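Encoded as structure tokens, the structure appears first; notes follow it.
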Amino acid sequence: MRLTNFFLSTLREAPADADVVSQKLMLRAGMIKKLAAGIYTYMPMGLRSIRKIEKIIHEEMAAAGAVELLMPVIQPAELWMETGRWQKYGPELMRVKDRHGRDFIVQPTSEEAVTDIARNEIKSYRQLPVNFYHIQTKFRDERRPRFGVMRGREFTMKDAYSFDRDEAGAAKSYDAMFAAYQRIFTRMGLTFRAVKADTGAIGGSRSHEFQVIADTGEDAIAYCPASDYAANIELAEALPLLASRAAPRQAMVKTPTPGKAKCDDVATLLDLPLAQTVKSIVLAVEKVNENGDPLPAEVWLLLVRGDHELNEIKAGKIPGLGKGFRFATEAEIVEHFGCKPGYLGPIGLKKPAQLAVDRTVANMSDFISGANEEDFHFTGVNWARDLPEPALVADIRNVVVGDPSPDGKGTLAIQRGIEVGHVFYLGTVYSAPMKATFLDENGKPQLLEMGCYGIGVTRLLGASIEQNHDDKGIIWPDAIAPFEVVICPLGYDRNEAVRAAADHLHKELIAAGIDVVLDDRGERPGVMFADWELIGVPHRITVGDRGLKENNVEYQHRRDEKATVVPVPVIAHLVKSKIARLASPKGETA
RNA sequence: CGGGGUGUAGCGCAGCCCGGUAGCGCGCCUGGUUUGGGACCAGGAUGUCGUAGGUUCGAAUCCUAUCACCCCGACCA
């Protein structure tokens with residue numbers, strides 16, 4: 001590709017509304033252009049990377065036996081009513097009406113559409129298993145789109161859906177997708193980790209997220225360096241930190257703690273470890289009577305240790321909180337505790353509240369909690385003696401660094417990640433309400449067993465940049481770089497020898513199957529170098545008059561400090577050997 | 001959704017308080033000189049000052065409404 005036949009527009013300064021480094025760099029490198037909040041045009045340079053990501057996905061999906069189809073972006077509301085998601089999805093689901101006033105949605109995902117295909121097309125067990133996928137535009141009307149293409153409203157996703165005759169078959173399909181995902185992200189040159197993920201309302205154990213490791217990631221991952229345990233922090237099990245409860249040693253004392261509303265402040269004031277304090281969190285569950293009229297909310301008190309944090313996903317698994325909860329209002333708190341937030345505790349409530357206690361708290365003794373009186377805490381609080389044994393003990397906190405690993409093989413570490421893929425066993429969650437069945441050998445209808453598997457194609461662009469950049473710009477892995485190699489001739493517009501050598505090298509690299517761009521603008525070297533370092537093309541060849549006199553050019557990888565002098569006759573071979581291309585899968589792919 | 005902020009040239013910004021007919025840097029165009037790390041000189045083009053009302057002889061500037069965008073808030077007693 002000659003640059004003058006392509007399109008390039010780089011910016012020296014990033015638009016002021018860009019918030020994360022990947023978004024700034026993509027805007028500056030001219031890869032994307034913002035059209036509206038969370039909605040981007042993929043400019044030619046950015047689209048090249050997207051196409052390379054898609055190509056790798058297509059190859060690996062085919063190798064894993066998945067079949068491509070293409071389902072519509074606009075889907076009729078009826079389909080979404082069948083599964084109840086028309087009601088359940090909320091404002092994130094983009095709803096539109098056609099000219100006749102009929103309801104449609106802009107797809108955020110395609111379970112309904114694909115299950116509709118399956119129930120119409122799959123009639124016999126002989127057609128199973130089958131795995132349909134597409135790469136298609138999605139729309140999720142995020143409350144607050146941000147982080148550029150990593151949390152956009154419109155984005156491109158690969159979504160695959162497997163159909164099997166039974167759970168054992170579905171498990172096989174799941175494993176095949178899991179393996180394909182590992183190959184996909186490996187080929188893309190990303191550092192990633194597959195982690196256990198929350199399965200939400202669907203339940204079961206089969207759900208993994210693929211997280212690209214990056215400090216700026218939105219997700220926290222707990223993993224055990226001594227074993228292969230890794231889980232999203234939403235899910236990672238927090239074991240009790242105290243094996244058993246020690247006998248009380250202190251009397252319960254009401255202690256003045258004026259103005260100390262946080263556990264941290266109380267511990268500092270009393271010169272006691274934060275781990276001796278207990279944090280009180282008040283939740284509320286909306287209630288309605290049989291006519292659907294609102295009743296006063298049910299108030300819950302949750303206790304975690306002062307240095308721990310509540311995990312809302314885990315709390316949602318407590319019976320009674322499962323149908324949804326919110327943080328209590330100050331009015332509700334005052335009504336039940338007779339006290340403003342900051343001094344709340346489980347002793348001396350004005351009105352009873354449901355109590356749920358973290359496993360670690362349940363084994364604490366001589367602990368500190370709020371006294372339900374402004375500016376006072378209790379110290380030396382003990383279960384059984386000062387308040388009843390907790391009836392409801394559960395894992396309701398986030399794990400922290402140093403916690404014992406749930407597999408018993410060491411302690412947990414935490415790192416941040418960007419979720420770029422998710423594999424999920426669905427069972428019959430969609431096939432049952434949509435009555436998607438097939439006939440088994442006995443001619444009996446059976447529900448299809450499903451799994452779904454997503455990859456955020458456009459999010460991968462951002463995730464790769466978050467993981468690979470420096471102060472000059474992007475550093476693409478070879479496999480998804482918009483170009484693998486750039487030739488920068490010094491004086492292309494005015495030096496015959498340079499132009500001839502650059503043109504010749506350009507042709508030679510094309511012939512060698514390398515994705516190369518020739519910067520034939522005749523720009524000054526500083527401009528060229530700055531542009532290509534910003535864009536992040538991994539391999540650069542500089543052709544200059546000076547070197548050509550000795551029949552040399554220069555090679556520099558984007559991560560290299562300095563250029564290497566290379567004789568002209570060997571440069572093509574050298575570059576080819578430098579490009580780390582993991583082989584495409586053999587067999588069925590083109 | 002609640003609070004805060006910002007909308008002025010392709011990008012980054014000043015001008016607004018104190019009303020007088022719009023400016024700077026980068027980029028862009030023309031010519032020249034340059035040419036191994038974002039060159040220099042000379043000349044030039046580009047704005048319905050987010051939108052709609054209002055006040056005024058006169059509004060980017062003051063007032064009202066509206067839209068868009070950004071930030072903070074949803075681990076907290």
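Keep in mind that what you see is a predicted model, and the values were worked out from it rather than measured. We name chains A, B, ... by the order of the sequence lines, and we start the count at 1 in each one.
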Rounded to whole angstrom units, what separation is found between the [atom1] atom of [X] and the [atom2] atom of [N]?
X: A:Arg524; N: B:A39; atom1: CZ; atom2: C1'; answer: 4 Å
X: A:Glu533; N: B:G37; atom1: CD; atom2: P; answer: 12 Å
X: A:Ile535; N: B:G38; atom1: CD1; atom2: C1'; answer: 13 Å
X: A:Met26; N: B:C11; atom1: CE; atom2: P; answer: 18 Å
X: A:Asn232; N: B:C75; atom1: CG; atom2: P; answer: 15 Å
X: A:Leu35; N: B:A68; atom1: CG; atom2: P; answer: 14 Å
X: A:Asp358; N: B:C75; atom1: CG; atom2: C1'; answer: 14 Å

Could you let me know what [N] is paired to, Watson-Crick or G-U wobble, both distances under 3.5 Å, or none if it's on its own?
N: B:U30; answer: B:A42
N: B:C57; answer: B:G20
N: B:A68; answer: B:U6
N: B:G37; answer: none

Indicate yes or no: at least one non-hydrogen side-chain atom of A:Leu283 is less than 4.5 angstrom from one of A:Leu321.
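They are in contact (side-chain heavy atoms under 4.5 Å apart), so the answer is yes.
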With heavy-atom distances below 4.5 Å as the criterion, would you say the side chains of A:Leu241 and A:His308 are in contact?
yes
So if I apply the side chain to side chain contact (heavy atoms under 4.5 Å, CB included) rule between [X] and each of [options], which one comes out positive?
X: A:Arg397; options: A:Leu310, A:Thr360, A:Asn311; value: A:Thr360
X: A:Met26; options: A:Ile32, A:Ile535, A:Val20, A:Val21; value: A:Ile32
X: A:Asp198; options: A:Lys317, A:Lys314, A:Glu209; value: A:Lys317

A:Phe367 ring center within less than 6.0 Å of A:Trp383 ring center
yes
Under-3.5 Å donor-acceptor pair between A:Arg540 side chain and B:G37 base:
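By the distance-only test, yes, there is a pair.
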Can you find an N or O donor on one side and an acceptor on the other, under 3.5 Å apart, linking the side chain of A:Asp531 with the base of B:G38?
yes
Closer than 3.5 angstrom, by distance alone: can the side chain of A:Asp520 be matched with the main-chain N or O of A:Arg2 as a donor-acceptor pair?
no
Proximity to the side chain of A:Val527 - top-ranked nucleotide from B:C11, B:U35, B:G38:
B:G38
Sequence neighbours excluded, the answer for salt bridge (Lys or Arg N to Asp or Glu O under 4.0 Å) partners of A:Lys472 is none
Taking for A:Ser280 and for A:Val543 the nucleotide of RNA chain B with the nearest heavy atom, the one nearer the 5' end belongs to A:Val543
Select from A:Val282 and A:Pro15 the residue whose nearest nucleotide in RNA chain B is closer to the 5' end of that strand.
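Final value for this comparison: A:Pro15.
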Looking across every strand, which nucleic acid part, if any, lies under 4.0 Å from A:Arg326 by heavy atom: base, sugar-phosphate, or nothing?
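Nothing, no nucleic acid heavy atom in range.
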For atom NZ of A:Lys34, is the number of surrounding heavy atoms from other residues, nucleotides or ligands below 6.0 Å larger than 12?
yes
Would you find more than 12 non-hydrogen atoms of other residues, nucleotides or ligands less than 6.0 Å from A:His504 atom NE2?
no
How does protein contact run along nucleotides 69-74 of chain B, one letter per nucleotide 5' to 3', with B for base contact, S for sugar-phosphate only, - for none, heavy atoms under 4.0 Å?
SSSBBB
Sub-4.0 Å heavy-atom contacts from residues 254-262 of chain A onto RNA chain B, ordered by number:
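Close to the strand are A:Ala261, A:Lys262.
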Under 4.0 Å from OP1 or OP2 of B:G36: is there any side-chain N or O of A:Arg546 that close?
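Checking B:G36 against A:Arg546, no side-chain N or O comes under 4.0 Å of OP1 or OP2.
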